[in-house]
Amino acid sequence: MCGIVGIVGTSPVNQALYDGLTVLQHRGQDAAGIITIDNNTFSLRKANGLVKDVFHTRHMKRLQGNIGIGHVRYPTAGSSSSAEAQPFYVNSPFGISLAHNGNLTNAAELKERLFTKARRHVNTTSDSEVLLNILAYELGRSDKMKLEAEDMFAAIEAVNEQCSGGYASIAMIIDHGMLAFRDPHGIRPIVFGKKDTEKGTEYMFASESVALATDGFEFVRDVAPGEAIYVTEDGQFFSKMCADKTTLAPCIFEFVYFARPDSTMDNMSVYASRVNMGTKLGEKIQREWADKEIDVVIPIPETSCDIALEIASVLGLPYRQGFVKNRYIGRTFIMPGQEQRKKSVRRKLNAIDREFVGKNVLLVDDSIVRGTTSAQIVEMAREAGAKNVYFASAAPEVRFPNVYGIDMPSASELIAHGRELEDINRSIGSDGLVYQSIGDLIAAVRIENPEISHFETSVFDGQYITGDVDQDYLNRIDALRNDSAKSTREQAMSASLELHNQETGEGE
Ligand SMILES: O=P(O)(O)OC[C@H]1O[C@H](OP(=O)(O)OP(=O)(O)O)[C@H](O)[C@@H]1O
Ligand SMILES: NC(=O)CC[C@H](N)C(=O)O
Ligand SMILES: [Mg+2]
């Protein structure tokens with residue numbers, strides 16, 4: 001679930017891109033990159049690491065220009081090599097760079113087609129570089145020296161016809177401008193805003209509205225599914241629907257976990273949807289656990305806090321922050337390997353004994369995915385002296401892999417896969433476990449925008465909206481990307497050489 005930003009400004013955009021990326025850091029902690037255009041030349045800095053570590057003053061000084069894009073990465077395809085950090089760049093036609101959030105489900109076929117039909121070689125295993133090359137190929141079909149908005153939109157129509165999966169993307173074309181587009185199901189989020197300045201109107205695109213707010217841009221709206229928006233270097237704005245069939249089916253996991261609570265996506269406040277999840281789950285606990293004595297409600301920081309507070313209020317129980325979060329440890333779920341994730345839970349959360357000693361505690365999390373957090377937290381609650389430890393998850397059982405931009409490729413790594421409630425309860429070691437129902441989760445988010453008829457909910461129900469995901473595909477992805485396959489590949493890669501067009505290398 002990467003984070004993307006793009007600004008067409010009237011003055012240098014480097015600092016605003018940096019600031020935008022820092023508030024999208026929760027979407028990707030592995031790599032960061034910014035590319036700007038000045039005097040028809042790209043300047044790129046990208047590397048593995050957090051935003052604050054990747055960009056030093058010397059990089060910022062060189063990222064000159066009034067137009068640029070940025071990316072924070074959480075890999076869902078390929079490897080975590082810095083060669084696959086984004087934005088990517090191709091030199092023809094014109095020079096194009098691209099930042100992508102999502103995951104293509106047909107990247108392998110597209111890569112093959114690019115080679116056989118267009119003699120275009122993609123040197124990494126990144127699906128985003130494939131997306132860029134498809135776009136480049138389509139833009140290159142015109143022999144005009146200056147493309148018009150219509151040419152941009154024709155290229156995106158062709159991209160939408162060929163690409164399958166989730167993609168919210170921002171591209172920049174030398175001597176032209178910025179092109180933002182969203183897949184025809186609107187699986188991944190992207191919004192845009194504007195700012196009026198003395199020199200003209202500036203535009204900003206971002207994965208989440210919080211980035212617009214941080215940079216002082218007025219929120220305009222979400223990019224629609226299948227829509228493309230083209231803003232020329234001098235600030236002319238064009239938009240067009242570039243797909244025949246579109247359905248807005250945003251990923252519901254954005255609301256459960258990924259997005260920041262202060263963001264609004266597809267006219268739904270993430271914060272309000274989480275409060276609603278708390279109301280629904282609190283009511284379910286009231287119905288089903290009338291016989292259980294609960295003394296206190298304790299969230300598992302950070303994402304579940306708003307949900308737990310509401311559950312406490314529905315149940316009329318005290319809410320206590322019984323776990324202290326180490327603010328210097330990031331999100332554990334998006335860390336690359338299971339070993340690191342496991343170690344990080346203990347480093348990240350620590351119990352305050354007095355909130356647990358002799359009490360029946362209800363621990364609340366937004367979701368249980370691999371069970372890394374819940375199993376350890378239940379153990380910590382017991383070590384801290386809890387009498388009974390009950391557990392509530394604001395999302396239903398996560399039973400199926402995700403192929404649209406969340407790195408959950410392997411069903412067997414999901415604690416609820418093929419298991420029923422009691423079995424999961426035993427396995428995380430709690431004295432009682434309750435999950436939100438899928439109906440209640442959808443209702444909780446939909447309250448915020450009743451016009452949405454569909455959400456992308458594959459991790460809960462195994463229904464893949466793009467229609468091209470069958471068991472064979474899932475088996476292939478599992479073999480390629482399960483934790484052990486990834487770690488073997490990463491070890492092999494650590495000793496290999498990289499070939500990429502990054503301008504500055506290690507130690508720069
Ligand atoms: O069952 P698991 O595989 O452990 O995944 C689920 C957990 O991971 C996430 O927390 P994370 O630490 O990533 O971030 P947060 O601080 O935003 O809650 C999520 O909020 C759950 O706590
Ligand atoms: N999380 C994402 O959006 C990932 C984007 C892209 N698939 C990558 O792996 O770099
Ligand atoms: Mg969490």
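Predicted, not measured: the structure shown is a model, and the values here were computed from it. Every number for a ligand or one of its atoms is a count from 1 in the order of the listing.
Residue Asn103 approaches ligand 2 through these ligand atoms, each under 4.0 Å from one of its heavy atoms: 7 (N). Near Ala77, with a cut-off below 4.0 Å to any heavy atom, the atoms of ligand 2 are 9 (O). The distance from ligand 2 to the heavy atoms of His100 drops below 4.0 Å at these ligand atoms: 5 (C). Each of the atoms 1 (N), 2 (C), 4 (C) of ligand 2 lies under 4.0 Å from some heavy atom of Tyr74.
Contact residues of ligand 1 (protein heavy atom closer than 4.0 angstrom to a ligand atom; sorted by chain and number): Tyr257, Pro301, Glu302, Thr303, Arg331, Thr332, Phe333, Lys348, Asp365, Asp366, Ser367, Ile368, Val369, Arg370, Gly371, Thr372, Thr373.
Considering backbone and side-chain atoms together, His71 places no N or O closer than 3.5 Å to any N or O of ligand 2. Where the criterion is an N or O separation shorter than 3.5 Å, residue side chain and backbone included, Glu84 fails it with respect to ligand 2.
Residue contact check for ligand 2: Gly405 places a non-hydrogen atom closer than 4.0 Å to it. Using a 4.0 Å heavy-atom cutoff, Pro75 is listed among the residues neighbouring ligand 2.
Shortest contact from atom 10 (O) of ligand 2 to any protein heavy atom: Arg73 NE, 2.6 Å. At the shortest separation from atom 5 (C) of ligand 2 among protein heavy atoms lies Gly102 O, 3.2 Å. The protein heavy-atom contact nearest to atom 7 (N) of ligand 2 is Asp127 OD1, 2.7 Å. The closest protein non-hydrogen atom to atom 1 (N) of ligand 2 is Met1 N, 2.4 Å. Of all protein heavy atoms, the one lying nearest to atom 2 (C) of ligand 2 is Cys2 SG, 2.7 Å.
A cation-pi arrangement is not found for Arg113 relative to Tyr137, the charged atom failing to lie both closer than 6.0 Å to the ring centre and inside a 45° cone about the ring normal. With Phe323 as the aromatic partner, Lys348 does not meet the cation-pi criteria of under 6.0 angstrom to the ring centre and within 45 degrees of the ring axis.
Judged by distance alone, the side chain of Ser437 and the main-chain N or O of Asp440 form a donor-acceptor pair under 3.5 Å. Of the possible polar contacts, one joining the Gln25 side chain to the Gly28 backbone as a donor-acceptor pair under 3.5 Å is found.
Legend: residues meeting side chain to side chain contact (heavy atoms under 4.5 Å, CB included) with Thr76, ordered by chain and number and at least two apart, are Tyr74, Asn103, Asp407. Checked against salt bridge (Lys or Arg N to Asp or Glu O under 4.0 Å), Asp468 has no partners two or more places apart in sequence or in another chain. Here Glu138 pairs with Arg141 under the salt bridge (Lys or Arg N to Asp or Glu O under 4.0 Å) rule; sequence neighbours left out.
Atom NZ of Lys342 is surrounded by 12 or fewer heavy atoms from other residues, nucleotides or ligands within 6.0 Å. Heavy-atom neighbours of Gln338 CD from other residues, nucleotides or ligands within 6.0 Å: above the threshold of 12. The neighbour count for Glu339 CD, taken as heavy atoms of other residues, nucleotides or ligands under 6.0 Å away, does not exceed 12.
The pair Glu420-Arg399 meets the salt-bridge criterion, with a side-chain N (NZ, NE, NH1 or NH2) lying under 4.0 Å from an Asp/Glu carboxylate O. Under the 4.0 Å criterion applied to side-chain N and carboxylate O atoms, Glu413 and Arg341 are not assigned as salt-bridge partners. We find that Glu397 and Arg419 are not joined by a salt bridge, their nearest charged nitrogen and carboxylate oxygen being 4.0 Å or further apart.
Looking at Gln86 against ligand 2, only its side chain comes within 4.0 Å, counting heavy atoms.
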